[in-house]
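I have placed the structure first, in the form of structure tokens, so that the comments after it can refer back to it.
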Amino acid sequence: MDEKYFPEKIEEKWQKSWAERGVFEVERDAERPHYYCLEMLPYPSGFLHMGHVRNYSIGDALSWYKRLQGFNVLHPIGWDSFGQPAEQAAIKRGVNPRAWTEDNINHMRGQLQRLGISYDWRREIAAHTPEYYRWDQWFFLKMYERGLIYRRMSPVNWCPKEQTVLSNEQSSGGVCWRCETPVVKKDLEQWFVRITDYAEQLLDDMKEIEQGWPERVLTMQRNWIGKSVGAYLDFCIKDTDKKVRVFTTRIDTIYGANAIVLAAEHPHLSELMKDSALKPDVDAFIAGVREARNRATEPGADEEKEGINTGLQAVNPFSGEVVPVWVGNYVLTEYGTGAVMSVPAHDERDFEFAQKYTLPVRQVIAPVTHDAEPSGFDPKLGVDQSIEMKEAFTDYGVLVNSGEWSGKLSDAAMKEMAGFAHEKGFGEMAVTYRLRDWGISRQRFWGAPIPMIHCPSCGIVPVPEKDLPVELPTHADFTATGQSPLETVPEFVNTNCPKCGAHARRDTDTMDTFVDSSWYYFRYCDPHNQDAPFDKEKVEYWAPVDQYIGGVEHAVMHLLYTRFWTKFMRDIGLISFSEPVKNLMTQGMVVAETFYREEGGAKTYFNPAEVDVVRDDKGRITSARLIKDGQAVVVGPFEKMSKSANNGVDPNEMISAYGADAVRMFILFAAPVENDLRWQEAGIDGALRFLRRVYTFAWRWRDAVKSAPQVAPDASTFSAGARALRHETHRAIERVTRDLEALHFNTCIAALMELSNAFGQFAATPESASDADRFAAREALEALVLMLTPFAPHISEEMWEGFGHEGGILAGEVRWPVADEELARKEELEIPVQINGKLRARIRATPDASEEHLRETALADEKVRAWTEGSQVVKVIVVPQRLVNIVVR
RNA sequence: GCCGAUGUAGCCCAACCAGGCAGAGGCGCUUGUCUUAGAAACAAGAGGUUGAGAGUUCGAAUCUCUCCAUCGGCACCA
């Protein structure tokens with residue numbers, strides 16, 4: 001150990017040492033408890049950004065902590081190396097996607113190593129390698145065998161910018177998940193995965209992970225799956241033998257139905273309209289709806305409700321009443337049955353629709369009150385209440401105007417009416433989901449080819465397992481025309497049918513990259529397996545994942561898909577558990593100040609490094625100037641670090657300036673992990689200052705630590721200062737350990753700073769220290785260094801070595817310190833005394849002082865007596881160790 | 001619009017779960033020591049209607065209710 005702290009030198013030294021000794025390389029070990037710590041694998045865009053640094057610093061802190069507690073810790077990393085940017089680079093700059101990707105991986109691997117993240121690098125995987133994606137294809141075939149994969153022509157979400165299909169999850173909110181371009185609908189033949197078969201399990205199994213996942217992620221998944229319980233009802237179409245089935249969650253409102261409304265793409269519609277004189281009008285309307293739908297709409301914009309009467313009539317199965325059949329633009333084809341019964345009195349959308357087309361409104365639910373008559377309802381009102389009702393009444397209540405069902409409460413009526421419908425054969429209880437099947441075809445080159453062959457005589461034939469992987473060709477035409485680039489590669493496309501041997505064509509779509517990430521962390525457990533995606537026993541040893549860490553943006557994409565994939569793997573016997581991740585932690589974004597100038601409506605952003613900030617005496621930014629020209633720039637809000645806001649900070653530069661340990665330390669300290677983190681360079685200075693301070697203590701005391709007694713000297717030999725230090729040490733151990741378990745890294749680090757401050761208060765000098773002093777100092781410094789290891793491993797190793805321990809922290813049987821409860825307790829407390837709730841005095845007492853003693857001491861206190869004199873003490877409240885409150889009158 | 005989270009010193013945050021002195025830690029600011037000066041280091045200090053209001057309680061940042069603000073998710077899902 002040098003006298004001065006040189007981060008770069010120390011970090012290189014220990015990174016080399018770790019790699020040489022393979023200290024993070026793990027195998028199954030029956031002797032030790034195991035722990036699987038996982039961070040979301042990065043897309044190899046070329047450069048690590050601060051969000052990555054945060055993600056991996058969190059995982060690394062946890063991994064080190066668990067290792068020091070004696071766990072066998074699996075901490076792997078890999079690359080989500082298929083996907084758009086590589087192909088965009090190919091289109092724009094003509095580079096080879098593979099070469100581009102692999103260069104990026106090499107660079108980013110170097111960055112991760114420079115950060116000193118403790119991965120088992122032997123387990124590194126990359127999705128774009130045939131060794132990996134052959135198993136994507138294998139899973140595809142297994143799903144196909146089980147009927148979980150099918151091909152269908154359907155309207156799909158299309159990103160016009162990326163020229164490819166997106167899944168529903170990837171186009172949530174009507175925009176592309178990558179580029180935020182509004183998506184349009186397009187009719188395409190696509191491969192789908194029947195994730196909807198697992199909808200109920202995906203919901204139900206949430207009870208297994210409720211404890212370990214953030215509530216908001218589960219809520220988001222629940223909303224996305226969108227289970228809804230209701231009923232199907234068949235309406236006969238008059239003068240035909242056809243029926244239209246509707247889905248409703250409010251069967252209790254059926255007597256209020258004034259129409260049936262079909263989606264424009266309802267399957268029976270053309271058949272029903274075949275002989276109608278209104279057919280041309282209806283067809284024109286349908287065409288209009290389609291056209292509107294294929295336009296990209298402003299996300300969130302509400303479309304005006306429109307409809308057209310088909311002239312058809314339907315019969316209400318409950319009342320026998322005849323109601324018109326409409327087609328409406330607001331009815332979704334893909335949800336429920338693509339048809340609804342319109343009950344304007346009790347549904348906002350139907351109400352709006354009825355208002356627009358002046359359809360009758362009939363109230364059939366009245367609010368429940370304790371009065372004899374339902375309130376808010378006048379039975380004398382006419383059948384049509386479109387004038388009286390100002391808005392739909394959507395609450396549950398009591399049925400009115402509903403024939404024999406009148407008087408029943410909604411709740412009971414819904415059950416009984418569904419039962420009745422079932423009995424009479426015109427309906428049944430039903431459950432529908434908002435979740436749709438997962439469209440996985442992508443019209444892209446840089447992905448795993450779909451292992452299917454189109455044969456003119458045999459139809460669609462799966463590639464035999466023995467022929468996997470279907471390898472990507474090295475080149476294709478990257479023209480971004482919306483057609484799969486693989487179409488342009490004859491040697492890829494042309495093949496022979498595995499069944500009949502005739503000339504056939506390969507499928508030219510590739511798989512959604514979310515397929516790759518659905519099972520990658522199982523592969524880490526057995527990364528080089530040639531015969532299977534992984535060995536069951538190896539996976540069952542490590543998995544499920546104990547702690548998963550990543551961004552909340554994957555709450556409903558990756559995290560839903562991977563839960564589904566896990567259940568499928570269970571169903572084909574690969575594993576025996578249902579939920580892949582026991583504990584999930586979602587980290588906040590890294591945000592930074594933005595600076596810009598606006599000219600002609602266009603903002604030009606400047607990097608914080610180019611800007612000089614002026615603050616007032618309270619530290620608030622008052623103005624900012626561009627260093628280059630000295631002229632003012634606008635100070636913008638904090639935003640996620642990005643290219644477009646030009647507020648990114650390069651981790652490499654930070655590491656060069658402050659060292660990896662200080663960067664990691666700051667990023668964990670600056671905010672709770674789930675909060676957004678405001679990047680402020682001054683904060684790293686603080687982290688570096690702290691590390692230097694600790695390092696200086698270690699340097700000064702290293703010999704005293706080495707020569708300190710191994711066994712605690714007699715209690716009586718400790719000075720007051722040494723006792724105080726020991727108290728702080730053990731209190732810090734308690735706090736750091738407790739907070740680490742909860743992933744509260746910021747408070748852990750604060751506790752370490754306190755311990756270091758306490759050490760600074762320790763009056764003894766290394767030269768003059770007694771045995772007891774040296775013991776207390778060693779205890780404090782060794783605990784401090786060990787507890788610092790998860791956050792700043794390099795400097796900790798260096799100091800640990802400085803204390804005379806050979807071979808690295810993980811070499812021996814070094815363990816996380818354990819707090820002595822007795823020592824962690826304070827010897828004497830200062831207890832506030834309140835008079836009528838206001839602080840008036842303080843008394844001193846030991847922690848175990850009895851209530852009685854505290855009461856007496858407080859009442860006898862001079863200051864207290866001044867307040868109680870001449871008044872009557874009504875009550876004395878004593879909270880042991882905390883406070884005495886005297887109520888006087 | 002619906003659901004959820006958050007709101008504490010100039011800033012990041014702790015204390016909230018389980019009511020008890022409003023402050024652990026860091027940044028920034030002020031002053032001092034040191035220094036030719038600055039930086040660093042060390043020492044000291046200032047800074048508050050805990051978003052607003054009401055309720056419960058001897059006592060509320062903490063529990064309950066209402067409102068406001070910010071952020072996130074969903075948004076014709078029948």
Side-chain angles (χ1 to χ4, degrees), chain A residues 172-174 214-217 219-224 226-228 230 246-250 253 261 299-305 328-332 334-343 346-350 352-353 394 432-436 552-553 555-556 588-589 615-621 665-666 669-672 674-687 689-690 692-693 696 735 739 744 746-757 760 830-842 874-879 881-888:
Chain A
S172 173
E215 182 54 39
R216 85 178 166 130
V217 172
T219 305
M220 283 164 74
Q221 292 208 357
R222 251 183 231 116
N223 290 344
W224 191 261
K227 179 178 181 173
S228 117
V246 303
F247 175 73
T248 178
T249 55
R250 291 299 302 272
T253 66
V261 187
D302 257 0
E303 233 180 314
E304 172 94 15
K305 287 187 182 45
N329 67 343
Y330 71 101
V331 178
L332 304 174
E334 320 90 60
Y335 183 77
T337 59
V340 300
M341 62 182 205
S342 168
V343 185
H346 304 291
D347 182 283
E348 281 163 21
R349 295 150 302 179
D350 296 339
E352 198 185 313
F353 192 69
T394 58
T432 60
Y433 300 91
R434 208 186 76 119
L435 180 71
R436 310 289 150 73
V552 74
E553 64 272 17
V556 179
M589 292 184 299
R615 290 166 198 274
D616 66 12
D617 59 358
K618 293 201 164 168
R620 278 177 297 219
I621 294 183
M665 191 87 193
F666 168 69
F669 174 65
E674 58 280 352
N675 285 21
D676 281 352
L677 185 148
R678 290 181 167 221
W679 186 263
Q680 273 160 335
E681 214 170 315
I684 309 191
D685 263 322
R689 214 150 26 209
F690 167 66
R692 264 201 217 112
R693 195 167 142 87
T696 306
R735 291 167 63 196
D739 290 353
H744 293 167
N746 56 326
T747 52
C748 288
I749 294 171
L752 293 175
M753 289 174 169
E754 269 184 77
L755 178 54
S756 135
N757 291 346
E830 201 177 52
I831 292 177
V833 181
Q834 299 181 341
I835 314 284
N836 289 345
K838 291 212 164 57
L839 178 69
R840 298 301 184 193
R842 294 163 204 280
V874 180
K875 197 172 173 186
V876 180
I877 295 135
V878 181
V879 184
Q881 299 190 35
R882 309 220 71 148
L883 148 146
V884 179
N885 186 12
I886 300 164
V887 185
V888 298

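Being a predicted model, the structure only gives us computed values, none of them experimental.
Cation-pi geometry between K305(A) and Y330(A) is met: under 6.0 angstrom from the ring centre, within 45 degrees of the axis.
Qualifying salt bridge (charged side-chain N to carboxylate O under 4.0 Å, His left out) partners for R735(A), counting only residues two or more places apart in sequence or in other chains: E754(A). Among residues two or more places apart in sequence or in another chain, the salt bridge (charged side-chain N to carboxylate O under 4.0 Å, His left out) test is passed with D350(A) by none. Under the rule for a side-chain hydrogen bond (donor to acceptor under 3.5 Å, both in side chains), the partners of T747(A) that lie at least two apart in sequence or sit in another chain are D739(A). Not counting sequence neighbours, the partners of T219(A) by the side-chain hydrogen bond (donor to acceptor under 3.5 Å, both in side chains) test are E215(A). With sequence neighbours excluded, no residue forms a salt bridge (charged side-chain N to carboxylate O under 4.0 Å, His left out) with R693(A). Scored by the salt bridge (charged side-chain N to carboxylate O under 4.0 Å, His left out) test, E334(A) finds R436(A) as partners (sequence neighbours excluded). The side-chain hydrogen bond (donor to acceptor under 3.5 Å, both in side chains) search around Y335(A) returns S228(A), T432(A), not counting sequence neighbours.
Remark on RNA chain B: of its neighbouring residues K305(A) and R678(A), the 5'-side contact belongs to R678(A), judged by nearest-heavy-atom nucleotide.
Across all strands shown, A69(B) pairs with U6(B); the Watson-Crick or G-U wobble distances both stay below 3.5 Å. U57(B): no Watson-Crick or G-U partner with both key distances under 3.5 Å is found in any strand. Checking U30(B) for Watson-Crick or G-U wobble geometry (two distances, each under 3.5 Å) identifies A44(B) as its partner. The base-pairing partner of A14(B), taking Watson-Crick or G-U wobble contacts with both distances under 3.5 Å, does not exist among the strands shown.
Rounded to whole angstrom, the span from the CD atom of E215(A) across to the P atom of G4(B) amounts to 10 Å. For the pair L752(A) CG and G26(B) C1', the interatomic distance rounds to 13 Å; values are reported in whole Å. One interatomic measurement links the two molecules: CD1 of I684(A) to P of C12(B), which rounds to 18 Å at whole-angstrom precision. Rounded to whole angstrom, the span from the CZ atom of F353(A) across to the P atom of A78(B) amounts to 18 Å. To the nearest angstrom, P of G28(B) lies 11 Å from CZ of F666(A). In this structure, E334(A) places its CD atom 14 Å from P of A78(B), rounding to the nearest Å. Straight-line distance from the CD atom of E681(A) to the C1' atom of G26(B): 16 Å, rounded to whole Å. The CE atom of M665(A) sits 15 Å away from the P atom of G25(B) (whole-angstrom rounding).
U6(B) and U50(B): their C1' atoms are spaced 14 Å apart (whole Å). Here the separation of C2(B) from U66(B), taken at their P atoms, is 13 Å to the nearest Å. Comparing the C1' positions of U49(B) and G32(B) gives an interatomic distance of 33 Å, to the nearest angstrom. Straight-line distance between the C1' atoms of C42(B) and A5(B): roughly 42 Å, to the nearest whole Å. Taking the P atoms as reference points, G19(B) lies 15 Å from C58(B), given to the whole Å. Comparing the P positions of C12(B) and G28(B) gives an interatomic distance of 15 Å, to the nearest angstrom. For the C1' atoms, the distance linking C21(B) with G48(B) amounts to 15 Å, nearest Å. For the P atom pair drawn from G7(B) and C16(B), the interatomic distance equals 13 Å after rounding to whole Å.
Checking the phosphate oxygens (OP1, OP2) of G73(B), no side-chain nitrogen or oxygen of S172(A) falls inside 4.0 Å. Contact between the side-chain N/O atoms of Y335(A) and the OP1/OP2 oxygens of A78(B) is found at a separation under 4.0 Å. Side-chain N/O atoms of S228(A) include one lying less than 4.0 angstrom from OP1 or OP2 on A78(B).
Across T253(A) and H346(A), no two heavy atoms sit closer than the pair CG2-CB, 3.9 Å.
Between I886(A) and the choices I877(A), V878(A), I835(A), the side-chain contact (heavy atoms from CB on, under 4.5 Å) rule is met once, by I835(A).
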field: Under 4.0 Å protein heavy-atom contacts per nucleotide of nucleotides 13-23 of chain B, with B for base, S for backbone only and - for none
entry: SS-----BB--
Can you pull every protein N or O that's under 3.5 Å from an N or O on nucleotides 37-42 of chain B?
residue, atom, partner, partner atom, Å
C42(B), OP1, R693(A), NH1, 2.7

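In this structure, V246(A) reaches neither bases nor backbone, as no heavy-atom distance under 4.0 Å exists between it and the strands shown. Within the nucleic acid shown, R436(A) comes within 4.0 Å of at least one base atom, counting heavy atoms only. Among the heavy atoms of the strands lying under 4.0 Å from G686(A) are primed sugar atoms or P, OP1, OP2 only; no base atom is included.
Residue R216(A) qualifies as open at atom CZ: its count of foreign heavy atoms under 6.0 Å is 12 or below. Within a 6.0 Å sphere centred on CZ of R222(A), heavy atoms belonging to other residues, nucleotides or ligands number more than 12.
For V887(A), whose side chain is taken as the heavy atoms from C-beta onward, the closest listed nucleotide among C58(B), C74(B), G25(B) is C58(B).
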